[in-house]
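Take a look at the structure set out below.
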Amino acid sequence: MDIEIKKILLDFKAYADKEVIVKGWVRNNRAQKEFGFIDLNDGTAFESVQVVYEDKELENFKDVAKYNSGSAVSVKGRVVLTPKMKQAFEIKADQVILEGSSLEDYAIQPKRHTREFLRENAHFRPRTNLFNAVFRVRSVISYAVHKFFQERNFIYLHSPIITASDAEGAGEMFQVTTLGQTKVEEGHKNDFFGKKSNLSVSGQLQAEAFALAFKNVYTFGPTFRAEKSNTPRHASEFWMIEPEIAFADLNDDMQLAEDMVKYIIKDLFEQCPSELAFFNKFVEKGLIDKLKNVLDSSFKRITHKEATDILLKNNDQFVIKAVEGEDLATEHEKFLTKHFNGPVFVTDWPKGIKAFYMRMNDDLETVAAMDLLVPGAGELIGGSQREERLDMLEKRMEEMHVDGEELWWYKELRKYGGNKHAGYGLGLDRMIMYVTGVDNIRDVIPFPRTPKNCEF
RNA sequence: GCCUCAAUAGCUCAGCUGGUCAGAGCACAUGACUGUUAAUCAUGGGGUCCUAGGUUCAAAUCCUAGUUGAGGCGCCA
């Protein structure tokens, strides 16, 4: 039976002098006259294992010496402890079988590649150190998200991916249709759903319905935005986590968000120490200290007004000047995260720049909204307390030209057992950027979709 | 969508104000090497200089358009 390299790594002393079979891909092969070394990675662990092969042990030594990078091989051999060497142990091969050859023009070489080049080779890039680490972290974080919520009795809700509502208020949508283009222009009466439908930009409205039945719920799934955003922080298809909590206000919401971010980071330190060490060394110097600092401190909480006051005092530094009561520009967000040296919640935003469903504050000028800003990834979380007062909600919908008829059910939630509730959306991909230091969202999504790019 | 920059060997790049400018390192192939670990050393093969026009005696180099990629801004998670 073959064994995963991860299992050997976790307890290599127990495998000393034992025979094992490992199967994986050749990362590097250094052949000499009578012996050679293969760095073998089977994907189960970040680390590769060194396989030693000798002419006197193998019939096919000359062939093995030519197995180049990317080849798939099966190795039968003995685990040998090598305490004085760079690696703690290696596998002394009795048999090396070629499972799948690799050609000499294999794109991934044992050397540095640019991120751009690897993006164009998205089918091979998981075989590199960086992407092996990034995508394992992505998997571990996804599981941690579920653990966090399940441990707290949250219900996992699969909100619909296709919706007919265009009132979600979160940007441009991809249209879903079974009609040809000419028919689309005639209208959607004969379309599949009998009305115009789109890929969802948020599961929040549906999550509210479930929160008002299960108390605490979360969604975790893909989200689609057809905005022609061309930045390192935007993708057309990304994954979002949207908890929604009943009988809760904005402070409860922020507490949940902070606990969740810390839980994920703590879990990552336990599950992925090798990966974090790698990121710390090669991707973002000081990453580990940054993350430890997040665990040890409370997130700053300031109002939008307080944030603006800080910016106004430093306004000479900005290309786009800060203005009282207006939205924050990217450079303002960067300044604030640098100023506080860590994650910061900005709360109580001017009503004019936020969505209709956010709860009006007593001043009638601001709403109970919060954004969590972090260095590098920008806006990691956006959330709010929801407007539970029907009259106020209807007024806001009217002011913001939201079609209330479509959202009849959303309004009914306020009439029957409605109560104060809150929620937020966390961009999984941005979270991964934040904890790995990888500064482009296209490099934390397996096969990223961005405007004009749907390859693979 | 707006602005800026880039494209030369499989990869990373050098190539100056047009004139031996088709180059290096890595990769690959062959050989050497009894412990390498991005091994080392020697030799060798490898190019539509992104595409299409234009200027010129002469264009990788200058001009125009396009394609692709990257960065900044806006939108947001």
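Within every chain, numbering begins at 1; the chains are lettered A, B, ... in the order of the sequence lines, protein sequences first and strands thereafter.
- Following rounding to the nearest Å, A:N29 (CG) and B:rC26 (P) show an atom-to-atom distance of 18 Å.
- Considering A:T303, A:N361, A:T366 in turn, A:N361 is the only one that fulfils the side chain to side chain donor-acceptor pair (under 3.5 Å) rule with A:D348.
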*Base-pairing string, 5' to 3', of RNA chain B - Watson-Crick or wobble, under 3.5 Å, | interstrand*: (((((((..((((.....[...)))).(((((.......))))).....(((((..]....))))))))))))....
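- Distances shorter than 4.0 Å separate some side-chain N or O of A:T114 from OP1 or OP2 on B:rU12.
- To the nearest angstrom, C1' of B:rC33 lies 14 Å from CG of A:D55.
- In terms of position along RNA chain B, the nucleotide closest to A:H113 lies nearer the 5' end than the nucleotide closest to the other residue of the pair A:M85 and A:H113.
- Under the 4.0 Å criterion applied to side-chain N and carboxylate O atoms, A:R78 and A:D94 are not assigned as salt-bridge partners.
- Of the listed nucleotides (B:rA70, B:rU12, B:rC76), B:rU12 has the atom at the smallest distance from the side chain of A:F117.
- Remark: the separation of the C1' atoms in B:rU55 and B:rG18 is 11 Å, to the nearest Å.
- Listed pair A:R115 / B:rG69 fails the phosphate criterion, with no side-chain N or O lying under 4.0 Å from OP1 or OP2.
- Considering only side-chain atoms of A:E379, the nucleotide from B:rG35, B:rA70, B:rC76 that sits closest is B:rC76.
- Annotation: B:rG46 and B:rG10 have their P atoms spaced 12 Å apart (nearest Å).
- In this entry the distance linking CD of A:E455 with C1' of B:rU68 reads 12 Å, nearest Å.
- A salt bridge is defined here as a Lys NZ or Arg NE, NH1 or NH2 lying under 4.0 Å from an Asp or Glu carboxylate O, and A:R225 with A:E227 fails to meet this definition.
- Of the candidate nucleotides B:rC28, B:rC76, B:rU36, B:rC76 has the atom lying nearest to any side-chain atom of A:H234.
- Taking only side-chain atoms of A:N453, from C-beta outward, the nucleotide of B:rU36, B:rG69, B:rC76 with the closest atom is B:rG69.
- The A:K334 side chain lies nearest to B:rC73 when the options are B:rU12, B:rA70, B:rC73.
- Side-chain nitrogen and oxygen atoms of A:S229 include none within less than 4.0 Å of the OP1 or OP2 phosphate oxygen of B:rG74.
- For B:rA29 and B:rA14, the P atoms lie 28 Å apart once the distance is rounded to whole Å.
- Contact of A:Q50 with B:rU36 (side chain to base): a donor-acceptor pair of N or O atoms is detected under 3.5 Å.
- In this structure, A:I353 places its CD1 atom 9 Å from P of B:rC75, rounding to the nearest Å.
- In this structure, of B:rG74, B:rA27, B:rG69, it is B:rA27 that holds the atom nearest to the side chain of A:Q109.
- As judged by a 4.0 angstrom heavy-atom cut-off over every strand, A:L428 is placed among residues making no nucleic acid contact.
- Rounded to whole Å, the P atom of B:rA60 lies 14 Å from the corresponding atom of B:rA9.
- Judged by distance alone, with hydrogens and angles left aside, A:E90 brings a side-chain donor or acceptor within reach of the base of B:rG35, the pair sitting under 3.5 Å.
- Note on A:R112: a base of the nucleic acid sits closer than 4.0 angstrom, heavy atoms only.
- A side-chain donor-acceptor contact under 3.5 Å links A:D42 to the backbone of A:I5.
- Contact between the side-chain N/O atoms of A:K354 and the OP1/OP2 oxygens of B:rC76 is not found at any separation under 4.0 Å.
- For B:rA77, its base sits under 3.5 Å from the side chain of A:R225 at one donor and acceptor pair at least.
- Between A:R359 and A:D249 there is no salt bridge, since none of the side-chain N atoms of the basic residue sits less than 4.0 Å from a carboxylate O of the acidic one.
- At a threshold of 4.5 Å between non-hydrogen side-chain atoms, the residues A:E399 and A:F356 do not count as touching.
- Distance, A:K228 NZ to B:rC3 P: 15 Å, rounded to whole Å.
- B:rA65 and B:rU20 have their P atoms separated by 29 Å, given to the nearest Å.
- More than 12 heavy atoms of other residues, nucleotides or ligands lie within 6.0 Å of NZ in A:K147, so this atom counts as buried by the packing criterion.
- Nearest to the side-chain atoms of A:E116 among the listed nucleotides B:rA70, B:rA29, B:rC73 stands B:rA70.
- The aromatic ring of A:F238 stacks onto the base of B:rA77, its centre lying under 5.5 Å from the centre of the six-membered base ring with the two planes under 30° apart.
- Taking 4.0 angstrom as the limit, A:K66 places a side-chain polar atom (N or O) nearer than this to OP1 or OP2 of B:rU30.
- B:rA38 and B:rC76 have their P atoms separated by 47 Å, with the value rounded to a whole Å.
- Side chain A:R30 to base B:rC33: no donor-acceptor pair is found below 3.5 Å.
- Summarising the geometry, the separation between CG on A:N230 and C1' on B:rA70 is reported as 9 Å, rounded to the nearest angstrom.
- Within the nucleic acid shown, A:E242 has no heavy atom closer than 4.0 Å to any nucleic acid atom.
- Residue A:K86 places at least one side-chain N or O closer than 4.0 Å to OP1 or OP2 of B:rA38.
- Rounding to whole angstrom units, NZ of residue A:K452 and P of B:rG69 are separated by 10 Å.
- Ionic pairing of A:E54 and A:K92 is present here: one or more N-O contacts between side-chain nitrogen and carboxylate oxygen are shorter than 4.0 angstrom.
- Taking atom P on both nucleotides, B:rC16 is separated from B:rA6 by 14 Å, rounded to a whole Å.
- Ion pairing of A:R396 with A:E387 is absent here, as no side-chain N (NZ or NE/NH1/NH2) approaches a carboxylate O to less than 4.0 Å.
- With respect to the salt-bridge test (charged N to carboxylate O, under 4.0 angstrom), the residues A:E258 and A:R301 qualify.
- The backbone N or O of A:W239 sits less than 3.5 Å from a side-chain atom of A:D429, completing a donor-acceptor pair.
- Taking the P atoms as reference points, B:rG19 lies 43 Å from B:rG74, given to the whole Å.
- The CH2-P distance, from A:W349 to B:rC75, rounds to 10 Å in whole Å.
- A:R442 comes within 4.0 angstrom of sugar-phosphate atoms only, judged by non-hydrogen atoms across all strands, and of no base.
- Proximity of A:K111 to the phosphate of B:rC26: no side-chain N or O atom is located under 4.0 Å from OP1 or OP2.
- Nucleic acid contact for A:A235: base, since at least one base atom lies under 4.0 Å from a heavy atom of the residue.
- At B:rG71, one or more side-chain N or O atoms of A:N440 fall inside 4.0 Å of OP1 or OP2 (strictly under the cut-off).
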